[in-house]
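Working notes for the structure below.
Per chain, numbering begins at 1; letters A, B, ... match sequence-line order.
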Amino acid sequence: MLSKKQLRLDIKAVANALKKRYFYFDVDQFFELESNRKKNQIETENLQNLRNMQSKVIGKAKASGEDVKSLLKNIADLSTKLNLSKSNLQLIQSEINVIILSMPNIPHHSVPNGKSEEDNIEVSKWGKLGKYDFDVKDHVDLGAMYGLDFETAVKISGARFSVMTGKIARLHRALTQFMLDRHSEVNGYTEAYVPYLVNTESLIGTGQLPKFEADLFKTYLHGEKGETKTLYLIPTGEVPVTNMMRDMIIKESDLPLKFVTHTPSFRSEAGSYGRYTRGLIRQHQFEKVELVQVVKAQDSYQALEVLTTHAEDILQALELPYRKINLCAGDLGFSAAKTYDLEVWLPGQNVYCEISSCSCFEDFQARRLQLRYKNKETNKLELLHTLNGSGLAVGRTLVAVLENHQQADRSIKIPSVLQSYMGGLEVMN
RNA sequence: GGAGGGAUGGCAGAGUGGCUAAAUGCACCGGUCUUGAAAACCGGCAAGGGCUAAUACCCUUCUAGGGUUCAAAUCCCUAUCCCUCUACCA
């Protein structure tokens with residue numbers, strides 16, 4: 001959420017900045033709502049003030065035993081006016097709120113111009129693409145030999161789910177364990193276990209709601225009296241972890257906060273059929289290790305650079321070639337001010353595929369979350385900045401390991417950092 | 001599942017209809033003292049919003065949402081969360 005103050009002061013500048021991401025915003029409509037709000041608010045507060053004063057007069061009159069009948073008569077009329085004005089104001093304010101909640105974040109100045117992923121800018125590349133002097137298979141074919149099974153998943157759930165048994169299930173788990181250990185032991189994150197079902201407030205806090213309900217799986221908890229409570233399956237571990245800090249005032253000495261979590265992610269991906277749908281790439285349920293940081297405003301862009309290297313660290317350790325992309329404004333997610341995507345090379349499909357997305361949200365989420373700290377210098381409460389990044393998407397990492405480390409005999413070389421997690425296994429065959 | 005109790009500022013904790021945005025303590029900030037620190041003493045200290053050049057001033061907020069009342073932290077209803085006893089249980 002953008003700051004209301006900023007919107008009031010310089011709505012045109014905000015609208016202009018949002019054009020960069022191809023979000024068009026009706027300035028005139030907002031301006032009218034806003035001036036309406038102002039008029040109504042002043043009126044309402046004046047009426048409220050009047051009534052407060054009169055009520056005090058009545059209180060005093062009563063205390064000294066005077067007759068208050070005529071005073072009560074006067075105030076009745078005032079109350080009617082006040083209530084009318086109040087509900088009017090509420091209406092306007094909720095209208096304004098709806099608009100503000102659906103406005104995306106302003107891109108950072110270092111974000112390239114552009115409309116779609118074609119305009120993203122490659123920042124760096126790492127690793128040598130493997131040379132395969134044999135017929136390269138993709139992970140679906142390779143996986144089938146080691147226990148990756150989509151047909152059984154169709155039976156028990158439907159399309160876009162997977163079942164893994166045996167060696168590949170072990171490899172999948174090994175990847176998760178490795179990532180968690182690396183981030184908590186080497187990169188300085190505190191491991192967190194969190195709920196996979198979250199309430200509406202949490203999703204508003206991180207920006208998935210109100211705009212993107214269609215992407216979520218929604219569940220209903222039925223109470224005894226027929227009331228229902230809505231909970232959503234998390235689309236990413238970012239939601240529960242970032243919301244741990246909702247409505248909190250963080251001690252300055254505790255900053256920065258760094259958490260790593262392993263959770264499944266559930267995405268309905270409504271309507272996103274087409275590309276990349278084969279195999280494990282786009283699933284309704286996948287595992288992810290997620291990094292979350294909460295930092296002071298002046299530290300956030302430095303933190304984004306470092307956080308991204310933590311995700312890169314995993315790719316490098318697993319010997320997976322990748323490139324780092326600076327997303328253009330048009331391709332940025334709703335809440336992000338700047339995002340680096342890491343794309344891993346998939347020789348089975350001859351493409352780079354997104355495996356991590358590292359974003360700085362500035363105070364966009366923190367404002368919704370009311371996540372603040374007390375600045376010692378100013379002695380004021382200030383919003384913190386939030387960041388997160390996948391470190392990494394486990395399913396896609398599995399794909400990358402299979403495809404990059406395949407050998408002519410269809411065996412898979414296990415990267416050395418994983419071997420201890422695989423009971424010492426060096427080659428999977 | 002049954003029976004009770006509770007939710008107040010950064011924290012702890014008073015407060016049962018108007019003089020309470022809220023005692024007190026801790027924490028925090030400023031000062032006195034001190035070579036320096038601690039202790040002691042003095043002073044300050046909720047958040048959000050409106051208006052404003054900035055003050056002043058005004059409004060809102062005592063878990064949330066409704067209600068009663070001229071007036072609600074305080075009374076009523078509902079929800080959420082927490083605690084105690086009790087039963088059951090992986």
Side-chain angles (χ1 to χ4, degrees), chain A residues 1-11 31 33-97 100-101 195 197-205 219-232 240 243-255 257 294 296 363 366-384:
Chain A
M1 185 162 69
L2 299 171
S3 137
K4 283 184 188 164
K5 203 163 243 170
Q6 191 184 6
L7 291 172
R8 270 167 210 161
L9 287 177
D10 210 348
I11 181 63
F31 196 78
L33 265 175
E34 198 21 53
S35 59
N36 227 332
R37 184 227 100 226
K38 192 181 253 190
K39 203 184 90 200
N40 266 275
Q41 182 162 346
I42 293 170
E43 186 188 302
T44 306
E45 287 185 1
N46 283 341
L47 287 169
Q48 183 70 255
N49 177 234
L50 260 178
R51 202 191 64 180
N52 287 349
M53 291 196 306
Q54 298 229 25
S55 285
K56 271 182 192 157
V57 170
I58 291 173
K60 276 183 189 145
K62 250 190 168 171
S64 59
E66 290 170 43
D67 182 34
V68 294
K69 257 192 190 153
S70 63
L71 289 171
L72 289 181
K73 240 181 205 168
N74 287 340
I75 217 167
D77 187 44
L78 185 59
S79 282
T80 319
K81 265 197 216 159
L82 174 63
N83 287 337
L84 203 79
S85 182
K86 242 190 207 167
S87 59
N88 208 356
L89 178 65
Q90 262 173 20
L91 216 71
I92 296 169
Q93 270 169 339
S94 67
E95 245 177 283
I96 291 177
N97 271 338
I100 292 181
L101 275 176
L197 286 160
V198 296
N199 56 31
T200 308
E201 291 74 27
S202 294
L203 287 155
I204 290 174
T219 72
Y220 301 93
L221 196 67
H222 299 281
E224 283 172 18
K225 294 162 202 154
E227 79 279 12
T228 55
K229 195 172 148 183
T230 303
L231 289 171
Y232 296 85
N243 274 281
M244 291 197 305
M245 277 75 75
R246 190 170 77 217
D247 293 323
M248 274 177 62
I249 292 167
I250 310 292
K251 259 203 234 151
E252 190 168 1
S253 56
D254 289 341
L255 292 168
L257 301 177
V294 176
K296 290 188 215 169
D363 61 13
R367 186 170 292 110
R368 293 170 170 229
L369 294 161
Q370 283 302 296
L371 167 52
R372 298 171 293 176
Y373 81 108
K374 190 158 210 172
N375 184 328
K376 271 214 163 158
E377 277 163 37
T378 60
N379 216 23
K380 292 246 174 203
L381 294 177
E382 289 177 15
L383 291 170
L384 286 159

| Rounding to a whole Å, what distance do you find between A/Lys251:NZ and B/G10:C1'? | 10 Å
| What distance do A/Lys296 atom NZ and A/Ile250 atom CD1 have between them, rounded to the nearest 0.5 Å? | 12.5 Å
| request: Give the rounded distance in Å between these two atoms: CG of A/Asn375 and P of B/A47. | output: 13 Å
| message | Using whole Å, what does the distance between atom C1' of nucleotide B/C59 and atom NZ of A/Lys86 come to? | response | 10 Å
| For residues 46-60 of chain A, which residues have at least one heavy atom under 4.0 Å from RNA chain B? | A/Gln48, A/Asn49, A/Arg51, A/Asn52, A/Ser55, A/Ile58, A/Gly59
| request: Please measure how far the P atom in B/U74 lies from the corresponding atom in B/G66, and state the result in whole Å. | output: 14 Å
| said: Can you check the distance between B/G31 and B/G36, where both ends of the measurement are the P atom (answer in whole Å)? | reply: 13 Å
| Position toward the 5' end of RNA chain B (nearest nucleotide), A/Gln90 or A/Arg37 | A/Arg37
| Distance-only polar pair, side chains of A/Arg246 and A/Ser202, donor-acceptor under 3.5 Å | yes
| task | Check the distance between B/G10's P and A/Leu255's CG and give it to me in whole angstrom. | result | 17 Å
| query | Using a cut-off of 4.0 Å on non-hydrogen atoms, how would the nucleic acid contact of A/Leu78 be classed: base, sugar-phosphate, or nothing? | reply | nothing
| note | From CE of A/Met248 across to P of B/G9 the rounded distance in Å is 15 Å
| task | Tell me the partner of B/A53, counting only Watson-Crick (N1-N3 plus N6-O4 or O6-N4) or G-U wobble (N1-O2 and O6-N3) with both under 3.5 Å; none if nothing fits. | result | none
| query | Taking only side-chain nitrogens and oxygens of A/Lys38, does any of them come within less than 4.0 Å of OP1 or OP2 of B/C51? | reply | yes
| field | Whole-angstrom distance between B/A90 and B/A79, as gauged at atom P | value | 30 Å
| request: Answer yes or no: side-chain N or O of A/Gln41 and base N or O of B/G49 forming a donor-acceptor pair under 3.5 Å. | output: no
| said: Using whole Å, what does the distance between atom C1' of nucleotide B/U63 and atom CZ of A/Arg246 come to? | reply: 13 Å
| query | P atom, B/A37 versus B/U32: distance in rounded Å? | reply | 11 Å
| said: Can you check the distance between B/A72 and B/U63, where both ends of the measurement are the P atom (answer in whole Å)? | reply: 15 Å
| request: Name the nucleic acid region contacted by A/Ile249, choosing base, sugar-phosphate or nothing; use a 4.0 angstrom heavy-atom cut-off, strictly under. | output: sugar-phosphate
| request: Tell which nucleotide pairs with B/A71, taking only Watson-Crick or G-U wobble pairs whose two distances are both under 3.5 angstrom. | output: none
| Are the charged groups of A/Glu95 and A/Arg37 less than 4.0 angstrom apart, N to O? | no
| message | Tell me which nucleotide, if any, is Watson-Crick or G-U wobble paired with B/C85 when both distances must be under 3.5 Å. | response | B/G2
| remark: When rounded to whole Å, the CZ to P distance for the pair A/Arg372 and B/A46 reads 14 Å
| field | Under 3.5 Å: donor-acceptor pair, side chain of A/Ser85, backbone of A/Lys81 | value | no
| Using the C1' atom in both, what is the distance from B/C76 to B/G25, to the nearest Å? | 34 Å
| note | Rounded to the nearest 0.5 angstrom, the CG-CD distance for A/Asn88 and A/Gln93 is 10.5 Å
| query | C1' atom, B/A39 versus B/U34: distance in rounded Å? | reply | 11 Å
| Between A/Arg367 and A/Lys4, is there a donor-acceptor pair closer than 3.5 Å when you use the side chain of the first and the backbone of the second? | no
| query | Given side chains that start at C-beta, do those of A/Leu231 and A/Asn199 come closer than 4.5 Å, heavy atoms only? | reply | yes
| request: Searching all strands shown, indicate the nucleotide that pairs with B/A40 (Watson-Crick or G-U wobble; both distances under 3.5 Å). | output: B/U32
| field | Nucleotide forming a Watson-Crick or wobble pair with B/U24, both distances under 3.5 Å | value | B/A12
| query | Just how far is it from atom CG of A/Asn83 to atom CG of A/Leu78, taken to the nearest 0.5 Å? | reply | 9.5 Å
| Please give, in whole Å, the distance from B/C45 C1' to A/Lys380 NZ? | 12 Å
| field | Residue closer to the 5' end of RNA chain B, A/Gln370 versus A/Ile42 (nearest nucleotide) | value | A/Gln370
| message | Quick check for you: to the nearest 0.5 Å, what is the distance between A/Asn49 atom CG and A/Met53 atom CE? | response | 4.5 Å
| Pairwise P distance, B/U78 and B/U86 [rounded to whole Å] | 27 Å
